[in-house]
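As a basis for the values below, the full set of heavy atoms in this structure was taken, side chains included, without hydrogen atoms, waters or symmetry mates. Start at 1 with the first residue, then count along the sequence.
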Amino acid sequence: MELPMSPALQTPAPRAFYGTTVVRAAFVLAIFGWGIGFYSPAIFLHAVVARTGWALPLVSSAVTFHFLFGAGVVACLPRIHARLGVAGTTAAGAAALALGLLGWALAAQPWQLFAAALLTGGGWVTMGAAGINAIISPWFVRGRPMALAKAYNGASLGGVIFSPLWGALIAAIGFTAATLLVGAAMLAIVGGLSFYVVRRTPERMGQRPDGDAPGAPARGVTSAHAKPLPGRLLWRDRGFRTLAAAMALSLFAQAGLITHLYSLLVSAMGTQGAGLAMALATACAIGGRTLVARCMPVDADRRLVAVVSYAVQIAGSLTLASATEHQTALILLGVVLFGVGIGNATSLPPLVAQVEFVKEDVARVVALIVAMSQGLWALSPAAFALLLVNGDGSPAHLGTGTGLYFGATVLLQLAAIACMLGGRKPSG
């Protein structure tokens, strides 16, 4: 009869893979980053104009500066991470964002508004696309598509949460108190997650990426054609240039269409219907990103996956262009088709970079393509607004005067497809 093993001699149970906890933390960070830094400036604009009476172009330019300065910080993010660490950078970004929020509420002079925009623009991007990628990357290689999809879905949820939250808080306690409350909550949560979760690495936890067992052979996804591209060599690489161009073009088209789509839908579906349609687009963005991450094989040509996503968005744009204000079903079909690609436009380019560049270059590549994309799409709302004015100065409506608007979206997405295909390398 075999005696039970003494507790002191029993093999300790293996520790659960900590990467799962990191993904959950990144999801929450993305809620705050995108929710406050990406979706909220439009609400700040309205609140500042109502409080100060300043001209709309002036306050709008501060919003543009918020995004442009953020793009510059994203480009430097790998160096900031190297100096402060990813956790320290994330916490510092949250502090800058909280201080900047208060600046938007208290600014008494235009220069103070731009100082606040500098803080919010530089702060939120530490929890944006490149920041989240840096948090997730050490923990996942083969499982990175799904890990990034789950984390980036926090970005979509951030818009769902913060857009109505700001409205309710400002109405209840005022803009200044609302910024103090949101800023304090963000500092407590982001600070805690940064120093108790993000600062841990697989090496410190005695674990390996994807939860692989110690001693198991490493199984990467990097292409055999990838080679180190230090310094200016990266800028000369066709794969890098085409990837950056594709991401920038697709997000320029996407930001321009989404910014004005609600206004077009209001005239067709009413305020409540338009709001529900935009919520549907957000839900489709989450579903589309998750579906691609779940179904895309590890060895898939990720550029082709991106091309398919862009093509589906083109179909959505064409559907919306052909719809009139009374064709609700057609409008919703267009919203769904365009919506399923919204999330993939952000998540697929970093996944392409993971395959096409050596591990040491991926963080730099992702930071640069995100920075260039943000610098371009920051200008798209103003550019697309010019396409929604008829010759007599009247605003365009669905089915009337929107040809240039949707046509520009289609052409930009076609250009993005051309760039993605133009950068493909031989398989193997």
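Using a 4.5 Å cut-off on side-chain heavy atoms (C-beta onward), Ile36 and Met127 make no contact. Residues Leu229 and Val365 form no side-chain contact, since every pair of their non-hydrogen atoms from C-beta on lies 4.5 Å or further apart. Taking 4.5 Å as the limit, every side-chain heavy atom of Glu325 sits out of range of all side-chain heavy atoms of Ile331. You'll find the side chain of Val198 stays beyond 4.5 Å of the side chain of Val22, heavy atoms only. At least one side-chain heavy atom of Leu234 sits less than 4.5 Å from a side-chain heavy atom of Leu368. Considering only heavy atoms from C-beta on, Met247 stays 4.5 Å or farther from Val352 through its side chain. Annotation: side chain of Leu56 is in contact with side chain of Leu45 (closest heavy-atom distance under 4.5 Å). By the 4.5 Å heavy-atom criterion applied to side chains, Val340 and Arg289 are not counted as neighbours.
Of the N and O atoms on the side chains of Thr242 and Arg303, at least one donor lies less than 3.5 Å from an acceptor on the other residue. Judged purely by distance below 3.5 Å, without hydrogens or angles, the side chains of Trp104 and Thr179 never pair a donor atom with an acceptor atom.
In this structure a side-chain-to-backbone donor-acceptor pair under 3.5 Å is missing from Arg302 to Ala353. Looking only at distances, a side-chain donor or acceptor of Arg51 sits under 3.5 Å from a matching main-chain atom of Ala105. Looking at Asn153, its side chain does come within 3.5 Å of a backbone N or O of Ala149 through a donor-acceptor pair. Formation of a donor-acceptor pair under 3.5 Å by the Gln354 side chain with backbone atoms of Val362 is not found in this model. With hydrogens and angles ignored, the 3.5 Å screen pairs no side-chain donor or acceptor of Arg144 with any backbone N or O of Pro350. The backbone N or O of Pro381 lies less than 3.5 Å from a partner atom in the side chain of His260, making a donor-acceptor pair. Of the possible donor and acceptor atoms, none in the side chain of Ser380 sits under 3.5 Å from a partner among the backbone N and O of Leu376. With hydrogens and angles disregarded, no donor-acceptor distance shorter than 3.5 Å links the side chain of Asp361 to the backbone of Pro228. Ser40 contributes no side-chain N or O that, together with a main-chain N or O of Ile43, makes up a donor-acceptor pair within less than 3.5 Å. Using modelled atom types, one side-chain atom of Gln374 and one backbone atom of Phe67 make a donor-acceptor pair closer than 3.5 Å.
Trp139 and Tyr18 have tilted rings, their planes meeting at an angle from 30° to 60° on a 0 to 90° scale. The aromatic rings of Phe384 and Phe252 are tilted relative to each other, their planes meeting at an angle between 30° and 60°.
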>> Between Phe140 and Met146, does the side-chain contact (heavy atoms from CB on, under 4.5 Å) criterion hold? Intermediate values first, please.
In response: CA-CA 9 Å; Phe140 295 90; Met146 181 54 73; over 6 Å; no
>> Please determine whether ring-ring contact (aromatic ring centres under 6.0 Å, His included) holds for the pair Trp377 and Phe38, giving the CA-CA distance in whole Å, both sets of side-chain angles, and the decisive distance to 0.1 Å.
In response: CA-CA 12 Å; Trp377 63 245; Phe38 181 78; 5.4 Å; yes
> Should Asn344 and Tyr310 be marked as a side-chain contact (heavy atoms from CB on, under 4.5 Å) after you check the CA-CA gap, both sets of side-chain angles, and the distance that decides it?
Replying inline: CA-CA 9 Å; Asn344 292 321; Tyr310 297 155; over 6 Å; no
>> Between Arg199 and Ser194, does the side-chain contact (heavy atoms from CB on, under 4.5 Å) criterion hold? Intermediate values first, please.
In response: CA-CA 6 Å; Arg199 69 188 294 267; Ser194 296; over 6 Å; no
>> Go through it in stages, so that I can follow the logic: the residues are Trp166 and Val182, the test is side-chain contact (heavy atoms from CB on, under 4.5 Å), and I'd like the CA-CA distance, side-chain angles, deciding distance and then a yes or no.
In response: CA-CA 9 Å; Trp166 279 117; Val182 171; 3.8 Å; yes
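In plain terms, the two heavy atoms of Ala96 and Leu119 that are nearest each other are O-CB, 3.5 Å. Across all their heavy atoms, Ile342 and Ala285 have their closest contact at CB-CB, 3.8 Å. Closest non-hydrogen pair, Leu387 versus Leu404, comes out as CD1-O, 3.8 Å. Taking both residues in full, the closest heavy atoms of Met372 and Ala244 are given as CE-CB, 3.5 Å, listed atom of the first, atom of the second, then distance. For the pair Pro138 and Pro209, the tightest heavy-atom approach, listed with the atom from each and the gap, is O-CG, 3.6 Å. Pairing each heavy atom of Val190 with each of Ala94, the nearest pair is CG1-CB, 3.6 Å.
Rounded to the nearest 0.5 Å, atoms OG1 (Thr324) and CG (Leu330) are 8.0 Å apart. A distance of 9.5 Å separates CZ of Arg238 from CD of Glu356, quoted to the nearest 0.5 Å. Residue Leu337 holds its CG atom at 11.0 Å from CG of Leu332, rounded to the nearest 0.5 Å. For the atom pair OG1 of Thr409 and CG of Leu257, the computed distance is 4.5 Å after rounding to the nearest 0.5 Å. From Leu84, atom CG reaches atom CG of Leu77 across 10.0 Å, with rounding to the nearest 0.5 Å. Here Asp237 contributes atom CG and Arg241 contributes atom CZ; the two are 7.0 Å apart, rounded to the nearest 0.5 Å.
The one candidate from Phe162, Phe27, Tyr39, Tyr152 that meets the ring pair (Phe, Tyr, Trp, His ring centres under 6.0 Å) condition with Trp34 is Tyr152.
No more than 12 heavy atoms of other residues, nucleotides or ligands shown are found within 6.0 angstrom of OH on Tyr196. Remark: Arg208 CZ is packed, more than 12 non-hydrogen atoms of other residues, nucleotides or ligands lying under 6.0 Å away.
Checked against the 6.0 Å centroid threshold, Phe406 and Phe338 do not count as a close aromatic pair.
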